[in-house]
Structures are given as C-alpha cells and as structure tokens.
Asker: 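Just passing along the structure, written as structure tokens.
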Amino acid sequence: MKHIESRLQIACVRWFRMAYPKYKLMLFSVPNGGKRTLMEAIIMKNEGVVSGVSDLILLVGRKGFNSLCIEMKNKTSQTLNQKCWQLEAERNGNKYVVCKSFEEFRTVIEDYLN
C-alpha cells in the first residue's frame, strides 16, 4: 500500500515542479515514514521529527493561509496522529488537504496558487 502512495506522491511532485518551477523548492516532503533502527528513531525524534506531519508541505502563503499541507492517501484513512496534527496545522493558519489521486492533487494546487 505504501508503494502505491509513494508512486502517487512522486507523480504529483514531478508534475508540480514542471508546472510551477517558480515554487519548485517550496514543495517538499517530510520523511516521517519508513523503517528505522531504534537508534535512528531516537535521533530523528530528538532532531524534531513529529508523528503525523503531512506528507508534503507547500511553503507558500495564499488565500489567507500560511502554507498548504498535503497528506497523500491511496485507500487508507488518516491515523489518529495525522488527524491531531491536521487540527494543529489548521489552528495555526495552514490549509490542510488529503489527496487520493493525481487529479485531486492538481485541482488542489491550481485552486490554491491561482
């Protein structure tokens, strides 16, 4: 399941960087997932990794929002940590969306930036 979401995210990021080269460095992924050794997990947590952070963040303010936080999902739903992080992100002036397809991602981006 994770690889399907990964392929979707890769396609979305590639499209974004071609469609919006001006903002290509402002859309980035947050490497929260994946298997880690216990020591790596401890180091990353101490470095500031936060469980539940969205998969992608577009650090461009628009339409009264500070940034756009995008959670990529295939058929799964958000975890409790993701839902909690969403509430905090929105409470602090950020737009948060869950995208389940390339078309949905493209529409969200175009609506946000245009």
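Here, residue 1 is the first one in the sequence, and each next residue gets the next number.
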Asker: Please report the closest heavy-atom contact between K95 and F65, naming both atoms and the distance.
Answerer: N-CD2, 3.4 Å

Asker: With a 4.5 Å cut-off on side-chain heavy-atom distances among I, L, V, M, F, W and Y, is there a chain of contacts connecting W15 to L8?
Answerer: yes

Asker: Using only atom types and a distance under 3.5 Å, with no angle test, would you say the side chain of Q82 pairs donor to acceptor with the backbone of T79?
Answerer: yes

Asker: So, do C99 and V108 sit near enough that their side-chain heavy atoms are less than 4.5 Å apart?
Answerer: yes

Asker: Mind listing the closest non-hydrogen atom pair of S29 and Q9 along with its distance?
Answerer: CB-NE2, 3.6 Å

Asker: I need the minimum non-hydrogen distance between E5 and N74, along with the two atoms involved.
Answerer: OE2-N, 3.2 Å

Asker: Going only through I, L, V, M, F, W and Y residues with side-chain contacts under 4.5 Å, is there a path from V53 to L59?
Answerer: yes

Asker: Please report the shortest heavy-atom distance between E104 and K100, naming the atom on each side.
Answerer: OE1-N, 2.8 Å

Asker: With side chains defined as the heavy atoms from C-beta onward, is the minimum distance between I10 and C12 less than 4.5 Å?
Answerer: no

Asker: Measuring from N66:CG to I57:CD1, what's the distance to the nearest 0.5 Å?
Answerer: 12.0 Å

Asker: Could you state whether F28 and V49 fall into the same hydrophobic cluster, counting links through intermediate Ile, Leu, Val, Met, Phe, Trp or Tyr residues with side-chain heavy atoms under 4.5 angstrom apart?
Answerer: no

Asker: Got a sec, which residues hit side chain to side chain contact (heavy atoms under 4.5 Å, CB included) with F16, two or more places apart in sequence or on another chain?
Answerer: Y20, Y23, L27, L58, F105, I109, L113

Asker: Please determine if K45 and E47 form a salt bridge, counting it only when a charged side-chain N lies under 4.0 Å from a carboxylate O.
Answerer: no

Asker: Taking C-beta and beyond as the side chain, do I42 and E40 meet within less than 4.5 Å on heavy atoms?
Answerer: no

Asker: Tell me every residue that passes salt bridge (charged side-chain N to carboxylate O under 4.0 Å, His left out) with E90, counting only those two or more places apart in sequence or in another chain.
Answerer: none

Asker: Run the numbers on R62 and L68 for side chain to side chain contact (heavy atoms under 4.5 Å, CB included), then give the verdict.
Answerer: CA-CA 8 Å; R62 285 287 187 283; L68 174 61; over 6 Å; no

Asker: What is the distance from atom NZ of K83 to atom OH of Y96, rounded to the nearest 0.5 Å?
Answerer: 10.0 Å

Asker: Donor-acceptor pair, D55 side chain versus M72 backbone, under 3.5 Å?
Answerer: yes

Asker: Should we count NZ of K63 as having more than 12 external heavy atoms under 6.0 Å?
Answerer: yes

Asker: Between E103 and R106, does any side-chain N to carboxylate O distance fall below 4.0 Å?
Answerer: no

Asker: Roughly how far apart are Y112 OH and I70 CD1, rounded to 0.5 Å?
Answerer: 9.5 Å

Asker: Take V13 and L56 through the test side chain to side chain contact (heavy atoms under 4.5 Å, CB included) and record every step on the way to the result.
Answerer: CA-CA 9 Å; V13 169; L56 295 167; 3.8 Å; yes

Asker: Would you mind reporting whether C69 and Q86 have side-chain heavy atoms less than 4.5 Å apart?
Answerer: no

Asker: Compare all side-chain heavy atoms of V98 with those of Q78 and state whether any distance is below 4.5 angstrom.
Answerer: yes

